[in-house]
Protein chains: 2
Amino acid sequence: MAIKVYLEEVLKARGMTSKELSALVGITEANLSILRSGKAKGIRFSTINKICYYLNCDVGDILKFDGILDMEDTEDHE
Amino acid sequence: MAIKVYLEEVLKARGMTSKELSALVGITEANLSILRSGKAKGIRFSTINKICYYLNCDVGDILKFDGILDMEDTEDHE
DNA sequence: TCCCGAATTATCGTAAAACAATAATTTTGT
DNA sequence: ACAAAATTATTGTTTTACGATAATTCGGGA
């Protein structure tokens with residue numbers, strides 16, 4: 001995916017576990033895991049908001065564009 | 001909202017109109033307007049991907065956390 | 001090498017909302 | 001004043017975020 005999720009590295013930098021963050025944010029560990037592993041297809045601003053708040057970081061620290069236009073979702077593929 | 005959308009300024013910096021971007025991204029002008037004005041509650045990564053690609057910018061240029069924990073969506077409010 | 005807690009993965013269900021399509025109204029630049 | 005751009009409004013469809021739950025796997029001690 002062209003938009004990459006860097007939750008893992010920010011968590012590590014903060015010395016926080018997924019479990020702790022999920023508790024703070026109020027999201028299940030399962031869903032945080034999906035987000036963390038890049039399997040989520042989108043996200044609510046309210047969720048990014050809480051994540052950034054509790055990790056004390058900015059959106060750009062967690063989500064980054066790798067320069068590639070992903071066409072996985074353009075009808076005609078596969 | 002604690003997650004702010006800076007589409008307007010990036011567009012301006014690129015000298016591009018909303019109409020042009022909506023055509024490139026493949027989203028309606030109406031929906032881009034909602035996003036641009038901060039009325040959207042979330043976004044798909046596929047959409048951010050295209051926006052970043054066509055505006056040649058990173059996620060952090062468009063979405064920023066203003067440091068405030070927004071509670072507008074926490075059951076008990078209002 | 002057991003344990004145990006953390007993390008991942010998988011299912012199923014629900015509610016939210018992204019986005020399309022369309023059209024009307026408003027704003028803005030010239 | 002005019003035309004293009006942008007906003008706003010409506011309605012409908014479909015995606016999917018996220019909850020709840022549970023089973024499986026991974027990882028670091030003791």
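All chains are named by letter (A, B, ...) in the order of the sequence lines, taking the proteins before the strands, and each is independently numbered beginning at 1. As a basis for the values below, the full set of heavy atoms in this structure was taken, side chains included, without hydrogen atoms, waters or symmetry mates.
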Hey, what do you get for [atom1] ([X]) to [atom2] ([Y]), rounding to the nearest 0.5 Å?
{"X": "A/Leu69", "Y": "B/Cys52", "atom1": "CG", "atom2": "SG", "result": "11.0 Å"}
{"X": "A/Leu35", "Y": "A/Ile43", "atom1": "CG", "atom2": "CD1", "result": "4.5 Å"}
{"X": "A/Leu7", "Y": "A/Leu32", "atom1": "CG", "atom2": "CG", "result": "6.0 Å"}
{"X": "A/Met16", "Y": "A/Leu21", "atom1": "CE", "atom2": "CG", "result": "6.0 Å"}

What are the residues of residues 58-66 of chain B, sorted by number, that bring a heavy atom to within less than 4.0 Å of DNA chain D?
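Those residues whose heavy atoms fall under 4.0 Å from DNA chain D, taken from residues 58-66 of chain B, amount to none.
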
Counting only non-hydrogen atoms, which of residues 3-20 of chain B are less than 4.0 Å from DNA chain D?
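Within residues 3-20 of chain B, the residues near DNA chain D are B/Thr17, B/Ser18, B/Lys19.
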
Quick one: bend of the helix from C/dT1-D/dA30 to C/dT30-D/dA1 from 5 pairs per end, to 10°?
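If I round to tens, the end axes sit 80° apart.
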
Please check if [X] and [Y] belong to a single hydrophobic cluster, counting links between Ile, Leu, Val, Met, Phe, Trp and Tyr side chain heavy atoms closer than 4.5 Å.
{"X": "B/Leu11", "Y": "B/Leu24", "value": "yes"}
{"X": "A/Ile34", "Y": "A/Phe45", "value": "no"}
{"X": "A/Ile48", "Y": "B/Ile51", "value": "yes"}

Please list, chain by chain and in numerical order, all residues satisfying salt bridge (Lys or Arg N to Asp or Glu O under 4.0 Å) with A/Lys19, sequence neighbours excluded.
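Per chain and number, A/Lys19 pairs via salt bridge (Lys or Arg N to Asp or Glu O under 4.0 Å) with A/Glu29.
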
B/Lys12: what forms a salt bridge (Lys or Arg N to Asp or Glu O under 4.0 Å) with it, not counting sequence neighbours?
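Scan of B/Lys12 (salt bridge (Lys or Arg N to Asp or Glu O under 4.0 Å), adjacent residues dropped) gives none.
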
Tell me which residues in residues 37-45 of chain B put a heavy atom below 4.0 Å from DNA chain C, sorted by number, or none.
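Heavy-atom contacts with DNA chain C come from B/Ala40, B/Lys41, B/Gly42, B/Arg44.
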
Anything under 3.5 Å between a donor and an acceptor, one on a side chain of residues 53-65 of chain A, the other on a protein residue two or more places apart or in another chain? List them.
residue, atom, partner, partner atom, Å
A/Asp58, OD1, B/Phe65, N, 2.9
A/Asp61, OD2, A/Asp58, N, 2.8

What is the 5' to 3' range of DNA chain D, first to last nucleotide, that sits under 4.0 Å from any heavy atom of chain B?
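Answer, 5' to 3': D/dA5 to D/dT16.
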
Can you sort out the partners of A/Ser37 under side-chain contact (heavy atoms from CB on, under 4.5 Å), two or more places apart, ordered by chain and number?
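With sequence neighbours excluded, A/Ser37 shows a side-chain contact (heavy atoms from CB on, under 4.5 Å) to A/Lys39, given in chain and number order.
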
Under the side-chain contact (heavy atoms from CB on, under 4.5 Å) test, which residues partner A/Lys41, sequence neighbours left out?
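Testing A/Lys41 for side-chain contact (heavy atoms from CB on, under 4.5 Å), a comparison that skips the adjacent residues, returns none.
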
Tell me, please, the opening and closing nucleotides of DNA chain C, 5' to 3', among those with an atom under 4.0 angstrom from a non-hydrogen atom of chain A.
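With heavy atoms of chain A under 4.0 Å away, the range is C/dA6 to C/dA17.
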
With sequence neighbours excluded, residues passing side-chain hydrogen bond (donor to acceptor under 3.5 Å, both in side chains) with A/Arg36
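Scan of A/Arg36 (side-chain hydrogen bond (donor to acceptor under 3.5 Å, both in side chains), adjacent residues dropped) gives A/Glu8, A/Ser18.
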
If you compare all heavy atoms of B/Asn49 against all heavy atoms of A/Ala2, which two are closest, and at what distance to 0.1 Å?
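Scanning both residues completely, I find the closest heavy atoms to be OD1-CB, 3.2 Å.
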
